[in-house]
2 protein chains.
Amino acid sequence: MKIQIDQAITQALQRHGLRPTRARQLILALIEQDNQHYTPEEMLVRLNAMGERLSIATLYQNLAKLVDKGLLVKFVGLDGEYRYDYNKMPHHHLICKSCGRIVDVLVDQTLDAIEPQLMDADGQKKLPPGWKILQRRVDFIGVCPDCSQHGTDN
Amino acid sequence: MKIQIDQAITQALQRHGLRPTRARQLILALIEQDNQHYTPEEMLVRLNAMGERLSIATLYQNLAKLVDKGLLVKFVGLDGEYRYDYNKMPHHHLICKSCGRIVDVLVDQTLDAIEPQLMDADGQKKLPPGWKILQRRVDFIGVCPDCSQHGTDN
DNA sequence: CCCTCGATTAATAACGATTCCGATAAAACA
DNA sequence: TGTTTTATCGGAATCGTTATTAATCGAGGG
């Protein structure tokens with residue numbers, strides 16, 4: 001399986017003021033076509049498997065740049081490891097405790113429902129006063145359908 | 001300011017099957033009396049400032065053991081760094097983007113309200129079917145009252 | 001009160017992930 | 001095409017964390 005670099009990726013890079021170099025095209029193409037939330041290390045393994053070579057230093061540099069320009073989002077996995085994700089709609093993650101699989105959960109407006117609830121549910125103030133909430137980090141941790149079936153509970 | 005090791009700490013250790021050694025007493029006393037969410041490094045700095053010496057290896061070993069026995073909870077900060085917290089009620093964190101201050105938000109039953117909402121709000125299924133949700137990681141990121149006043153927005 | 005043995009500590013080395021560095025190569029621009 | 005800017009690469013350096021190991025501690029038995 002070869003990696004496919006289409007026109008859209010090149011254009012996306014240029015639109016964000018980045019030169020469409022091979023390294024950047026590879027990174028974006030990989031994340032897009034695999035639709036995964038890889039760590040840097042995992043990206044390298046995957047790229048190697050597809051016959052593509054990339055220096056680890058280059059990978060890190062470009063990930064930082066892609067995040068900086070808003071093309072990717074960097075987030076922290078369950079064990080503190082960094083993972084990267086396309087910058088899609090505001091969304092959260094559904095993480096399988098058993099196999100580590102991560103799935104996006106698109107929750108645009110829905111999460112806005114949480115905050116007021118925290119503020120005054122059953123008479124108690126749950127959030128201390130005076131704080132300005134800018135964003136929320138919400139991850140759901142559970143067991144994916146595949147792992148449930150195989151009884152690989154962990 | 002000296003660190004205060006009270007009877008309760010010693011007893012808590014014993015209750016969890018741990019010998020009440022100096023290292024463990026120091027760690028628990030520090031977290032309790034400062035009521036902070038320190039990283040290991042921060043704990044050392046703090047302890048040194050109070051005239052207490054502790055090998056970093058010992059610190060790490062004991063943090064692991066305290067987490068293992070359920071006295072502390074290890075969690076991942078905004079930048080992927082490890083932080084430790086007393087194992088209180090299920091709760092989430094309120095993190096100041098400006099000064100890094102972290103405050104606990106006790107949200108026992110309240111968060112249970114989120115899940116059904118995600119499932120069927122406005123007709124769309126937000127969570128994919130077949131997943132068993134075991135826990136949620138929820139952090140609120142914002143600006144604390146102090147930082148709001150001083151205009152140290154970041 | 002001292003001995004003994006397992007638990008704990010602390011120093012050091014080892015480790016993995018990330019970043020820095022200097023030289024070479026590629027892309028953009030004139 | 002020549003020049004300038006930016007990217008790439010491999011290796012060394014750094015950082016936080018863990019493993020190793022020898023010295024020390026401490027509770028219970030004699």
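Every chain is numbered from 1 and lettered A, B, ... according to where its sequence line falls, protein lines coming before strand lines.
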Hits for side-chain contact (heavy atoms from CB on, under 4.5 Å) against B:D68, two or more places apart or cross-chain, chain-then-number order -> none
B:Y82 OH to D:dC15 C1', in whole Å, measures 14 Å
side-chain contact (heavy atoms from CB on, under 4.5 Å) filter on A:N48, not counting sequence neighbours, yields A:R53
Here the salt bridge (Lys or Arg N to Asp or Glu O under 4.0 Å) pairs for residues 4-31 of chain A, sequence neighbours left out, are A:R22-A:E52
Those residues at least two apart in sequence (or on a different chain) that pass salt bridge (charged side-chain N to carboxylate O under 4.0 Å, His left out) with A:D34 are A:R46
For A:T58, the side-chain contact (heavy atoms from CB on, under 4.5 Å) test, sequence neighbours excluded, returns A:A23, A:L54, A:S55, A:N62
Whole-Å distance, A:L18 CG to D:dT6 C1', equals 11 Å
With sequence neighbours left out, the residues meeting side-chain contact (heavy atoms from CB on, under 4.5 Å) with A:I5 are A:Q25, A:L26, A:A29
Within residues 43-69 of chain B, those residues having any heavy atom closer than 4.0 Å to DNA chain D are B:A57, B:Y60, B:Q61
In whole angstroms, the gap separating C1' of C:dA17 from CG of A:D79 amounts to 14 Å
Quick one, B:L13 and B:T21 - any side-chain contact, counting heavy atoms below 4.5 Å? no
Separation of D:dT17 atom P from A:E81 atom CD, nearest Å, is 14 Å
Please list each protein N or O that sits under 3.5 Å from an N or O in nucleotides 27-30 of chain C, with the distance.
| residue | atom | partner | partner atom | Å |
| --- | --- | --- | --- | --- |
| C:dA27 | O4' | A:R19 | NH2 | 3.3 |

Whole-Å distance, B:E42 CD to D:dG16 P, equals 11 Å
Applying salt bridge (charged side-chain N to carboxylate O under 4.0 Å, His left out) to B:E42 and not counting sequence neighbours gives B:R83
A:L13 atom CG is separated from D:dT6 atom P, nearest whole Å, by 16 Å
note: B:I27, atom CD1; C:dT9, atom C1'; distance rounded to Å ~ 12 Å
